[in-house]
Amino acid sequence: MNYTTYPEEKCDFYEIMPAADLPNGERLLLELDDIPVVIFNIADEFYAVKDQCSHEDLEISDGDLEGHEIVCPYHGAHFDVRTGEVTTLPAVDGIPAYPVRVRDGNLELGLPKE
């Protein structure tokens, strides 16, 4: 396994927005602590990955979402948004996946503690 899914206990959480403001099937792009992140709402479950393909460090956020996989719009690599795992070439390394939780109706994104 060459991708990283960060466990909640090793993260600091940041309040992003009301969860209701990110409807099912939508995505949110943001940068937090100089990390580009894309958060997805898939069937009312939230997932977050780094918005950077491991193949050539290009953004993946504009790619098509196929089930739980984001497709890099530049070269077609697929990544599982639940884990960051790469599932098709040309990428061979996964991307970071970050925990997302809902607290008091608000989305919170977990980033690794420094």
Side-chain angles (χ1 to χ4, degrees):
M1 201 179 315
N2 52 13
Y3 54 95
T4 303
T5 302
Y6 293 100
E8 285 191 17
E9 62 273 7
K10 294 189 177 189
C11 292
D12 289 324
F13 281 84
Y14 301 87
E15 188 175 301
I16 304 300
M17 63 191 279
D21 288 352
L22 186 60
N24 184 36
E26 296 295 320
R27 63 188 84 181
L28 172 69
L29 309 174
L30 61 115
E31 189 168 307
L32 196 56
D33 287 349
D34 295 323
I35 300 171
V37 176
V38 56
I39 301 175
F40 300 92
N41 180 343
I42 302 172
D44 293 320
E45 294 288 329
F46 298 97
Y47 306 97
V49 293
K50 188 171 187 181
D51 186 19
Q52 187 174 32
C53 180
S54 61
H55 174 237
E56 288 199 12
D57 296 332
L58 299 168
E59 306 87 21
I60 61 168
S61 53
D62 285 337
D64 291 334
L65 195 60
E66 298 177 358
H68 286 95
E69 292 186 359
I70 184 76
V71 180
C72 177
Y74 299 98
H75 301 105
H78 291 220
F79 299 90
D80 189 319
V81 299
R82 297 169 294 188
T83 62
E85 181 179 11
V86 63
T87 58
T88 63
L89 296 172
V92 294
D93 293 320
I95 56 176
Y98 307 106
V100 181
R101 65 186 184 193
V102 178
R103 296 268 196 237
D104 298 323
N106 291 309
L107 275 181
E108 294 183 348
L109 173 66
L111 294 181
K113 294 178 182 178
E114 294 192 24

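This structure is a prediction, so every number in the text was calculated from the model and none was measured. Because only heavy atoms are used, hydrogens play no part in the values below, and waters and symmetry mates are left out as well, while side chains stay in.
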Does any non-hydrogen side-chain atom of Asp51 lie less than 4.5 Å from one of Ile60? yes
Between Val38 and Ile70, is there a side-chain heavy-atom distance shorter than 4.5 Å? no
Looking at every heavy atom in both [X] and [Y], which two are closest together, and how far apart are they?
X: Ala91; Y: Val86; answer: O-CG2, 3.5 Å
X: Val100; Y: Ala48; answer: CG2-CB, 3.4 Å
X: Glu108; Y: Glu15; answer: CG-CA, 4.1 Å
X: Cys11; Y: Pro112; answer: SG-N, 4.0 Å
X: Ala77; Y: Cys53; answer: CB-SG, 4.5 Å
X: Asn41; Y: Leu22; answer: ND2-O, 2.7 Å

To the closest 0.5 Å, what do you measure between [atom1] ([X]) and [atom2] ([Y])?
X: Tyr6; Y: Leu111; atom1: OH; atom2: CG; value: 9.0 Å
X: His75; Y: Glu56; atom1: NE2; atom2: CD; value: 4.5 Å
X: His78; Y: His68; atom1: NE2; atom2: NE2; value: 15.0 Å

Check this for me: Asp57, atom CG, are more than 12 non-hydrogen atoms of other residues, nucleotides or ligands nearer than 6.0 Å? yes
Cation-pi, Phe13 ring and Arg103 (6.0 angstrom, 45 degrees): no
Under 4.5 Å between side-chain heavy atoms, hopping through other hydrophobics if needed: is there a path connecting Tyr74 to Phe79? no
Going only through I, L, V, M, F, W and Y residues with side-chain contacts under 4.5 Å, is there a path from Leu58 to Val81? no
Give a yes or no answer on whether the side chain of [X] reaches the backbone of [Y] with a donor-acceptor pair at less than 3.5 Å.
X: Ser54; Y: Asp93; answer: yes
X: Arg27; Y: Ser61; answer: yes
X: Asp64; Y: Val71; answer: no
X: Asn24; Y: Ala43; answer: yes
X: Asp33; Y: Ile35; answer: no

Begin from the C-alpha positions of Val102 and Leu107 and carry the test side chain to side chain contact (heavy atoms under 4.5 Å, CB included) through to its verdict. CA-CA 5 Å; Val102 178; Leu107 275 181; 4.0 Å; yes
So Thr87 and Asp80, side-chain hydrogen bond (donor to acceptor under 3.5 Å, both in side chains) or not? Walk me through it. CA-CA 7 Å; Thr87 58; Asp80 189 319; over 6 Å; no
Check the pair Ile16 / Asn106 against side chain to side chain contact (heavy atoms under 4.5 Å, CB included), numbers first and verdict last. CA-CA 7 Å; Ile16 304 300; Asn106 291 309; over 6 Å; no
Does the pair Phe40 and Tyr47 meet the rule for a ring pair (Phe, Tyr, Trp, His ring centres under 6.0 Å), with working shown? CA-CA 5 Å; Phe40 300 92; Tyr47 306 97; 8.1 Å; no
